[in-house]
Protein chains: 2
Amino acid sequence: MRTRDPRKESALREKAMAMVVKDGFDGLSMQKLAKAAKVSPATIYIYWKDRDDLILQLYADAFRKMSEQTLQDFDSTASFKEGLRVQWKNRARYCMENPIESHFMEQVKFSPLHDRAQAGIDSEFMRTMKAFVKGAIARGELVKVPVEVYWSVAFAPLYQLVKFHKHGRGMPGSGPFSLDDKTLNTTLELVLKALKP
Amino acid sequence: MRTRDPRKESALREKAMAMVVKDGFDGLSMQKLAKAAKVSPATIYIYWKDRDDLILQLYADAFRKMSEQTLQDFDSTASFKEGLRVQWKNRARYCMENPIESHFMEQVKFSPLHDRAQAGIDSEFMRTMKAFVKGAIARGELVKVPVEVYWSVAFAPLYQLVKFHKHGRGMPGSGPFSLDDKTLNTTLELVLKALKP
DNA sequence: CAATAATAAATGAACGTTCACTTATGGTCA
DNA sequence: TGACCATAAGTGAACGTTCATTTATTATTG
């Protein structure tokens, strides 16, 4: 029995995400992907059922990786402030170190595939995050608000900063922008201020 | 000389945005669009140069409308708090009253077309927003931070709430979610707290 | 009548996917 | 050890369909 060549699969994964990031989902054609990864179009269908299955699996794997890295060194018994700080640092680091993968995730998030992509994921991650919020509220370290309000205030600013960074510039008409530790901390402090009871 | 039928153009505009919202940019095919708007495919090319031109013009018009509505009743001499409140209310109202149009804008924003789409826009809107921020900082009503940090904290939470609302549910695994005035105000208060010096 | 709107039909290219086929390899038996 | 076989990996060319766009022609109106 012939064995699979793992380099083929990883080449396909890499090129597929790069194509989506560069040209959107329109830009991901199976034949162009095959050419970019130097395999036959038919080979893709050995690894994935079809185009959607490929995208969905790429998303699921990226999500798993992002989740793990975001909760690295996260101590659920620590204070809210410390917990959120760790999550911010980790998430920012993940985005910086895996720009294509994280950009790809964002593309899926804002596509009609997002529902199906999220559906196939058992989210330990989400459960941990929610427990963190509930605990912090119970201990009086966090203003008592619906979880959606919390999420919007706690993380949306971070995502926006990362988006500015990825784009290389800030507001339209502004000069170049690069997300450094100082900017990240400044923003985190504002968010912590907002969420303090 | 024969005159254009404005109903054809508006049908095309409406159906085009609806198709992008429903199925993403993959889903916007010129032939399907023609069928949906009950015109010949060739008719589309009377109104727009090509597919990209169509999308770019739809975006430019939507952006203009959004800008106008966001700054409706906005008084640049009022306090920062009141100014931001007006902007939030207006923006939220625009999104609620024009769900397809605003969703379409978001799709463009997260697509590779975004740069070209923004490039063709003379943004009076952005200039007003920036002047508002600068003035508020100068008057000591707003914490002194880079404009990107301000933007991330001041508006990203609003966009996230609208996204939850459009999606009809909050965090994955949570129940239904609907953005009401109370939730909007709660979040705005948190943001104002964050941005107060 | 001149000019433009609007169309039906057609264009070649690109799409996702499959088919018929070849190649490589771990296990089996000598 | 080495020949052989079953099995899955991998391929190039082709499938029918749909894509964006154009062409040739007709319809409408200032």
Side-chain angles (χ1 to χ4, degrees), chain A residues 1-60 104 107-108 111-114 116-117 120, chain B residues 1-60 104 107-108 111-114 116-117 120:
Chain A
M1 186 178 75
R2 188 175 176 179
T3 50
R4 288 191 183 178
D5 183 349
R7 285 171 313 176
K8 283 196 204 303
E9 184 175 354
S10 59
L12 283 166
R13 301 176 87 96
E14 237 170 76
K15 297 289 182 185
M17 290 197 286
M19 287 171 75
V20 170
V21 166
K22 185 163 178 291
D23 296 317
F25 284 104
D26 304 23
L28 179 61
S29 120
M30 302 305 264
Q31 319 200 61
K32 284 198 281 190
L33 170 59
K35 188 159 282 185
K38 290 172 187 166
V39 300
S40 159
T43 304
I44 303 173
Y45 293 85
I46 296 172
Y47 292 87
W48 299 278
K49 193 179 146 291
D50 53 28
R51 187 175 178 270
D52 283 0
D53 184 46
L54 165 63
I55 297 168
L56 262 32
Q57 272 202 42
L58 288 178
Y59 181 81
F104 168 78
Q107 291 286 330
V108 176
S111 84
L113 274 162
H114 184 222
R116 289 172 58 202
Chain B
M1 185 177 77
R2 190 175 177 180
T3 50
R4 289 189 182 177
D5 182 348
R7 287 172 311 176
K8 282 196 205 304
E9 183 176 355
S10 59
L12 283 166
R13 301 176 88 96
E14 236 170 76
K15 297 289 183 187
M17 289 196 287
M19 287 171 74
V20 170
V21 166
K22 185 163 178 290
D23 296 317
F25 283 103
D26 302 23
L28 178 62
S29 117
M30 303 305 263
Q31 322 203 56
K32 285 199 280 191
L33 171 58
K35 189 160 281 184
K38 291 174 186 165
V39 299
S40 157
T43 303
I44 304 173
Y45 292 86
I46 296 171
Y47 292 86
W48 298 279
K49 192 180 147 292
D50 54 27
R51 187 175 178 269
D52 283 0
D53 184 46
L54 165 63
I55 296 169
L56 262 32
Q57 272 203 39
L58 288 177
Y59 180 81
F104 168 78
Q107 290 287 330
V108 176
S111 82
L113 274 163
H114 184 222
R116 288 172 58 201

Nearest to side-chain heavy atoms of [X], which nucleotide of [options]:
{"X": "A:Ser29", "options": "C:dC15, C:dT7, D:dA20", "value": "C:dC15"}
{"X": "A:Ala42", "options": "D:dA14, C:dT18, D:dC19", "value": "C:dT18"}
{"X": "A:Lys32", "options": "D:dG12, C:dC15, D:dA20", "value": "C:dC15"}

OP1 or OP2 of C:dA6 less than 4.0 angstrom from a side-chain nitrogen or oxygen of B:Lys38, does that happen here?
no
Are any of B:Lys8's side-chain N or O atoms less than 4.0 Å away from OP1 or OP2 of C:dT7?
yes
Value rounded to 0.5 Å, distance of [atom1] in [X] from [atom2] in [Y]:
{"X": "A:Leu28", "Y": "A:Arg51", "atom1": "CG", "atom2": "CZ", "answer": "5.0 Å"}
{"X": "A:Arg4", "Y": "A:Thr43", "atom1": "CZ", "atom2": "OG1", "answer": "10.5 Å"}
{"X": "A:Trp48", "Y": "A:Leu54", "atom1": "CH2", "atom2": "CG", "answer": "5.5 Å"}

[X] versus [Y], closest heavy-atom pair with distance:
{"X": "A:Val39", "Y": "A:Lys8", "answer": "CG1-CD, 3.7 Å"}
{"X": "B:Gly24", "Y": "A:Pro112", "answer": "N-CG, 3.4 Å"}
{"X": "A:Ser40", "Y": "A:Ala34", "answer": "C-CB, 3.9 Å"}

Let me have a per-nucleotide readout for nucleotides 22-30 of chain C, 5' to 3', with B, S or -, counting only protein heavy atoms under 4.0 Å.
-BBBB----
Would you say that A:Leu113 contacts A:Tyr59 through its side chain, given a criterion of any heavy-atom pair below 4.5 Å between the two side chains?
no
Can you list everything that forms a side-chain hydrogen bond (donor to acceptor under 3.5 Å, both in side chains) with B:Asp5? Sequence neighbours excluded, please.
B:Arg7
Between the base of C:dA6 and the side chain of B:Ser40, is there a donor and acceptor pair under 3.5 angstrom?
no
How many Å lie between CG on B:Asp23 and C1' on D:dC19, as a whole number?
16 Å
To the nearest Å, how far apart are B:Phe25 CZ and D:dT18 P?
22 Å
I need the residues from residues 43-54 of chain A with at least one non-hydrogen atom less than 4.0 Å from DNA chain D; give them sorted by number, or say none.
A:Thr43, A:Ile46, A:Tyr47
